[in-house]
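Here's the structure we're looking at; comments come further down.
Here is the naming used below: chain letters follow the sequence lines, and residue numbers restart at 1 for every chain. Keep in mind that the numbers below use all heavy atoms, side chains included, and drop hydrogens, waters and symmetry copies.
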There are 2 protein chains.
Amino acid sequence: MASYQQLDRHLVAVDCIIIGFKDGQLNLLLIRRDLEPYRGEWSLMGGFLRAAESLDEAATRVLLELTNLSNVYLEQFHTFGSVDRDPGERILSAGYFALVDQVKASQQLSPDYSAHWVPLTDVPPLIFDHNEMVRLALRRLRHRAKHEPVGFELLQEQFTLSQLLKLYEAIFGQAIDPGNFRRRLRKMDYLEQLDQKDFKDSKRGAWLYRFDAQRYEQAYDQGIPFFLKP
Amino acid sequence: MASYQQLDRHLVAVDCIIIGFKDGQLNLLLIRRDLEPYRGEWSLMGGFLRAAESLDEAATRVLLELTNLSNVYLEQFHTFGSVDRDPGERILSAGYFALVDQVKASQQLSPDYSAHWVPLTDVPPLIFDHNEMVRLALRRLRHRAKHEPVGFELLQEQFTLSQLLKLYEAIFGQAIDPGNFRRRLRKMDYLEQLDQKDFKDSKRGAWLYRFDAQRYEQAYDQGIPFFLKP
DNA sequence: ACAAAAGTGTTTTTCTTACACCCATGA
DNA sequence: TCATGGGTGTAAGAAAAACACTTTTGT
């Protein structure tokens with residue numbers, strides 16, 4: 001077995017860009033940092049990588065600590081490795097973005113971190129390079145949303161097509177023609193129309209749908225990729 | 001300033017998936033590992049992250065050591081963080097893929113690593129999770145090649161449209177209609193047709209082109225994105 | 001003359017886009 | 001009855017796919 005005594009060892013963290021959606025708006029879950037330096041400043045939720053866990057496990061743990069959610073869409077998008085990104089000591093950080101059901105998450109937020117949702121269109125200055133992390137995560141989200149059915153992670157299990165439309169308008173930051181949007185969705189067999197309607201937003205009521213992951217897999221295997229654009 | 005005495009510190013490496021193109025084939029530059037365990041096995045070129053360098057700098061250095069090339073297209077695509085990916089000791093690794101001019105690189109390869117080019121369609125078993133790294137890198141390359149003009153990094157500065165066609169066929173692993181491919185390229189003003197022809201592959205000769213990065217930037221800023229598909 | 005690579009044109013079909021239109025219902 | 005959100009249909013145009021066709025030149 002090799003000996004690596006003489007090599008540099010590094011502190012490694014994970015930081016989570018936790019994204020939710022509510023009232024037609026994408027939101028980001030931030031905390032107030034409780035360590036020096038910059039105690040009390042806005043920060044992403046993060047944590048240090050432990051010897052016995054993988055990066056993915058660390059991100060999952062950190063997300064669980066704050067939101068008490070598991071089985072969440074979580075994707076590593078970039079590892080930030082500048083020498084001086086943290087002015088205190090050098091820390092590498094793997095950035096993960098998480099797509100959560102904001103309603104569910106809000107109900108069970110840990111009180112230990114002074115966490116708050118802020119609109120993704122209006123993110124305050126964050127510590128270190130966290131603003132850059134958010135920018136990159138958002139870019140990745142836009143891309144994923146186009147090519148993979150990840151949007152549903154941000155909605156309740158049952159949703160109306162209008163809600164989905166508003167979600168995509170928020171993600172892409174531009175208006176989408178409702179007629180054309182609906183037609184594209186109609187072709188997706190894996191969007192299952194339920195027998196219930198939602199009456200929150202209209203008198204007539206809008207049909208509720210759910211995303212059937214299993215049926216999507218089948219479609220995907222048959223070479224029908226997901227695609228939705230602005 | 002905070003004290004992080006009690007936290008776990010980690011060995012961090014970078015591994016480079018170095019991709020070249022020659023005679024209609026994509027190739028991968030591998031070395032014979034010179035450390036135990038697995039001395040002599042096929043491996044990606046890699047190196048440990050030093051205290052005073054960023055991840056990007058480490059990848060650049062590692063690439064330079066082997067190929068003596070700088071100013072190369074280099075992109076981080078994923079950081080691999082399983083606890084037991086290296087059976088010796090835990091090592092995190094940031095994966096970078098590099099697109100190089102294989103002709104140029106081959107001329108100046110460092111003799112210290114027993115490096116060899118192997119066809120990307122026929123990669124031998126590699127140490128650790130390196131095969132998985134290659135798989136992910138290739139997936140990312142396919143994506144980049146579609147949406148960004150990175151293919152040119154794999155060709156000499158001057159190239160014919162036939163060479164470009166063969167490159168894209170190799171990247172996507174499928175035949176492309178030459179007529180339609182040419183038409184798409186004709187619309188890209190940033191492909192500058194030179195006054196010379198190449199006579200290596202045909203008697204008639206094929207016009208040489210070069211990619212004008214500056215003109216591409218202009219087109220991009222005007223909202224004309226690069227797009228080429230199989 | 002003909003094989004082989006280089007390069008151009010044209011037709012057919014498919015997909016987008018833009019927008020007009022109908023439906024249901026509570027105030 | 002009319003404003004509002006929900007939902008469908010369609011005609012014009014753009015873009016992709018398929019493929020026939022011409023050019024050039026060494027053998």
[atom1] of [X] versus [atom2] of [N]: gap in Å, rounded?
X        : N      : atom1 : atom2 : value
A/Phe181 : C/dT16 : CZ    : C1'   : 16 Å
A/Arg186 : C/dC15 : CZ    : P     : 15 Å
A/Leu208 : D/dG5  : CG    : C1'   : 15 Å
B/Lys187 : D/dA15 : NZ    : P     : 7 Å
A/Ile176 : D/dG7  : CD1   : P     : 16 Å
B/Arg182 : D/dA17 : CZ    : C1'   : 17 Å
A/Lys166 : D/dG6  : NZ    : C1'   : 11 Å
B/Lys197 : C/dA6  : NZ    : C1'   : 8 Å

- Message: Should the side chain of A/Arg183 and the base of C/dT16 be counted as holding a donor-acceptor pair, with the cut-off at 3.5 Å?
- Response: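 Such a pair does not exist between side chain and base.
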Q.
When you measure only distances, ignoring hydrogens and angles, does the side chain of B/Asn180 come within 3.5 Å of the base of D/dA18 through a donor and an acceptor?
A.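 Looking at the base of D/dA18, it does pair with a donor or acceptor on the side chain of B/Asn180 (distance under 3.5 Å).
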How is [X] classified with respect to the nucleic acid when contacts are heavy atoms under 4.0 Å: base, sugar-phosphate, or nothing?
X        : result
A/Lys200 : nothing
A/Lys229 : sugar-phosphate
B/Asp177 : base
B/Thr160 : nothing

- prompt: So, B/Glu75 versus B/Tyr73: side-chain donor-acceptor pair below 3.5 Å or not?
  reply: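 There is such a pair (donor and acceptor under 3.5 Å, judged by atom type) between the side chains of B/Glu75 and B/Tyr73.
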Just checking, A/Arg32 and A/Trp42: is the charged tip under 6.0 Å from the six-membered ring centre and within 45° of the axis?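 Ring-cation test returns yes.
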Under 4.0 Å between a Lys/Arg side-chain N and an Asp/Glu carboxylate O for A/Glu169 and A/Lys166?
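No, A/Glu169 and A/Lys166 are not salt-bridged.
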Relative to each other, are the rings of [X] and [Y] parallel, tilted or perpendicular (30° and 60° limits)?
X        : Y        : answer
A/Tyr168 : A/Phe172 : tilted
B/Phe77  : B/Phe80  : perpendicular
B/Phe227 : B/His147 : tilted

What N/O pairs connect the protein and nucleotides 23-25 of chain D at under 3.5 Å? Give each pair on its own line.
residue	atom	partner	partner atom	Å
D/dT23	O2	B/Arg204	NH1	2.4

Measuring from atom CD of A/Glu153 to atom CD of A/Glu148, what distance do you get when rounded to the nearest 0.5 angstrom?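 Taking CD in A/Glu153 and CD in A/Glu148, the distance rounds to 11.0 Å.
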>> Below the 4.0 Å mark, does D/dG5 have OP1 or OP2 next to a side-chain nitrogen or oxygen of A/Ser162?
In response: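 No, outside the criterion.
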